[in-house]
Protein chains: 2
Amino acid sequence: MARRSDHSRAELREIIIATGHRHMEEVGFAHFSAREVAKRIGYSIGTIYNVFGSYDSLILAINGRTLALWRDHLERRLAESADGADRLRRAIAAYFEFAAGHRHAWAAIYDFRLPEDTAPPEGYQQQVRAIFEIVIAEVRVALPEDRQGEAEALTRSLLATVHGHCVFAMNGTFAMLGEGAPVEAALQRVQDAVGSSGTC
Amino acid sequence: MARRSDHSRAELREIIIATGHRHMEEVGFAHFSAREVAKRIGYSIGTIYNVFGSYDSLILAINGRTLALWRDHLERRLAESADGADRLRRAIAAYFEFAAGHRHAWAAIYDFRLPEDTAPPEGYQQQVRAIFEIVIAEVRVALPEDRQGEAEALTRSLLATVHGHCVFAMNGTFAMLGEGAPVEAALQRVQDAVGSSGTC
DNA sequence: TATTTTATTGAACATCGTCCATTTTCTGGC
DNA sequence: GCCAGAAAATGGACGATGTTCAATAAAATA
């Protein structure tokens with residue numbers, strides 16, 4: 001079968017993650033199978049476990065890849081316009097775009113849960129914080145000087161706000177309740193909080 | 001084993017749902033097992049499938065039970081104070097309380113997904129809308145007369161907002177980002193939108 | 001009581017994550 | 001070029017899952 005010299009350990013790891021990520025995008029977390037990933041790369045199931053140690057580690061690696069792609073998309077989208085006034089809108093749209101464009105991989109980030117007492121590995125946490133930092137910068141720009149102190153806490157809350165809208169848009173809750181413009185609704189909530197519409 | 005005369009079909013259905021719900025609360029969606037439910041009620045696995053037809057229907061019934069309990073909790077909590085001014089705060093707190101008090105059953109509502117093209121049964125959708133209606137009434141009370149027209153759309157958006165905060169609180173995202181007071185954050189966003197803090 | 005209807009069973013099947021003894025492949029020293 | 005030790009890869013075995021359905025048992029009916 002596959003020869004050792006074909007791939008270094010790091011290369012093999014990368015191949016498994018890439019193939020696994022594709023498989024995740026196609027079938028979703030509920031139907032994801034480590035065996036299927038092994039089949040697709042032409043290795044046996046045992047090799048997957050030799051490289052990742054456990055199913056959970058494999059999923060974590062795949063979800064980490066998804067986070068990296070998400071951050072890329074967010075940055076690319078924000079970089080498009082030199083410095084338009086609608087950067088927060090663009091950030092929110094990018095959030096929804098990625099979720100819609102990678103339904104299954106995006107959902108897997110939240111469908112998968114580590115055992116109760118276990119924390120995600122440091123690298124994974126850093127990826128989440130990297131996205132957080134990107135959004136903080138945008139919130140800072142939108143916030144008046146006398147409110148810069150709120151920026152961190154407010155960004156956490158606004159991320160949760162946008163996430164909630166995105167979840168309801170993706171899982172059908174909004175459809176059930178008759179909501180047709182989730183992105184605009186989320187943007188409205190963000191503007192309420194940032195006060196950029198300037199009604200005071 | 002169990003005799004037909006012991007339970008009517010409807011009783012058996014109820015027993016399965018109750019036992020299944022308990023099992024779901026204990027182990028969560030990922031480790032839920034229809035076989036285990038059968039074992040606990042002293043019937044064979046086949047009987048579960050005779051009554052519910054499929055695994056998905058069983059999960060749907062259990063999640064429906066969770067929704068009913070959630071609505072009960074919300075109503076009870078709102079009824080506690082005759083008519084305090086902090087009813088929205090109470091509603092939000094009730095949302096979080098239920099999620100925290102029924103971690104696994106609550107998460108199962110969102111962990112489970114029907115096949116892409118399938119819509120939830122009418123009864124299930126009604127349960128979701130029932131919770132929606134309860135919150136609408138509270139939002140109407142908090143909203144000035146000239147904004148009553150927004151009530152429905154705003155409630156959908158605020159539900160998503162609170163849900164997002166609740167998800168991040170329950171799945172560890174807030175912990176990763178250093179957020180320590182998710183309920184207060186959610187309340188702040190709701191007040192931003194409803195304008196009840198009256199800064200204008 | 002005899003017959004029909006209904007309820008219940010559990011073996012069989014395909015698949016899954018997990019483990020690990022075994023085999024294969026690679027590598028460095030002679 | 002060859003051989004021993006290290007590293008990589010294998011795949012059968014295990015217990016568990018959802019799912020199906022012919023066989024069985026019980027109840028209802030005649």
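Just so we're on the same page: letters track the sequence lines, and every chain starts at 1.
Side-chain contact check for A:Val135 versus A:Leu74: some heavy-atom pair is nearer than 4.5 Å. Contact of the A:Glu116 side chain with the B:Arg103 side chain is registered, since non-hydrogen atoms from C-beta on lie closer than 4.5 Å. Between B:Leu69 and B:Phe98, the closest side-chain pair of non-hydrogen atoms falls below 4.5 Å. In this structure, the side chains of A:Met24 and A:Ile59 come closer than 4.5 Å at one or more pairs of heavy atoms.
Salt bridge B:Glu133/B:Arg129: absent, no basic N to carboxylate O contact under 4.0 Å.
A:Tyr43 places its OH atom 11 Å from the P atom of D:dA8, with the value rounded to the nearest Å. For the pair B:Ile45 CD1 and D:dA16 P, the interatomic distance rounds to 14 Å; values are reported in whole Å. Put simply, CD1 on A:Ile41 is 15 Å from P on D:dA8, counting in whole angstrom units. When the C1' atom of D:dA9 is taken as reference, atom NZ of A:Lys39 falls 18 Å away, rounded to whole Å. B:Phe32 places its CZ atom 17 Å from the P atom of D:dA16, with the value rounded to the nearest Å. Protein atom NE2 of B:His23 is 13 Å distant from nucleotide atom P of D:dA16, rounded to whole Å. Atom CG in B:Leu12 sits about 10 Å away from atom C1' in C:dA7, given to the nearest Å. B:Arg13 has its CZ atom 14 Å from the P atom of C:dA7, to the nearest Å.
Heavy-atom nearest nucleotides on DNA chain D were determined for A:Arg35 and for A:Ser44, and the one closer to the 5' end corresponds to A:Ser44.
Between B:Tyr110 and B:His163, a ring centre-to-centre spacing shorter than 6.0 Å is recorded. Between A:His23 and A:Phe32, a ring centre-to-centre spacing shorter than 6.0 Å is recorded.
Summary of helix geometry: the two end axes of the helix from C:dT1-D:dA30 to C:dC30-D:dG1, each defined by five base pairs via their C1' atoms, are inclined to each other by 20° (rounded to 10°).
For the pair B:Arg9 and D:dA27, the criterion of a side-chain N or O lying under 4.0 Å from OP1 or OP2 is not met. Distances shown here put every side-chain N or O of A:Ser33 at or beyond 4.0 Å from the OP1 or OP2 atom of C:dT15.
Taking every heavy atom of residues 46-62 of chain A and every atom of DNA chain C, pairs under 4.0 Å involve A:Tyr49, A:Ser54, A:Tyr55, by number.
Judged as a salt bridge (charged side-chain N to carboxylate O under 4.0 Å, His left out), the pairs with a partner in residues 48-75 of chain A (not counting sequence neighbours) are, in order, A:Glu14-A:Arg65.
Taking each heavy atom of A:Trp70 and A:Ala94 in turn, the nearest pair found is NE1-O, 4.3 Å.
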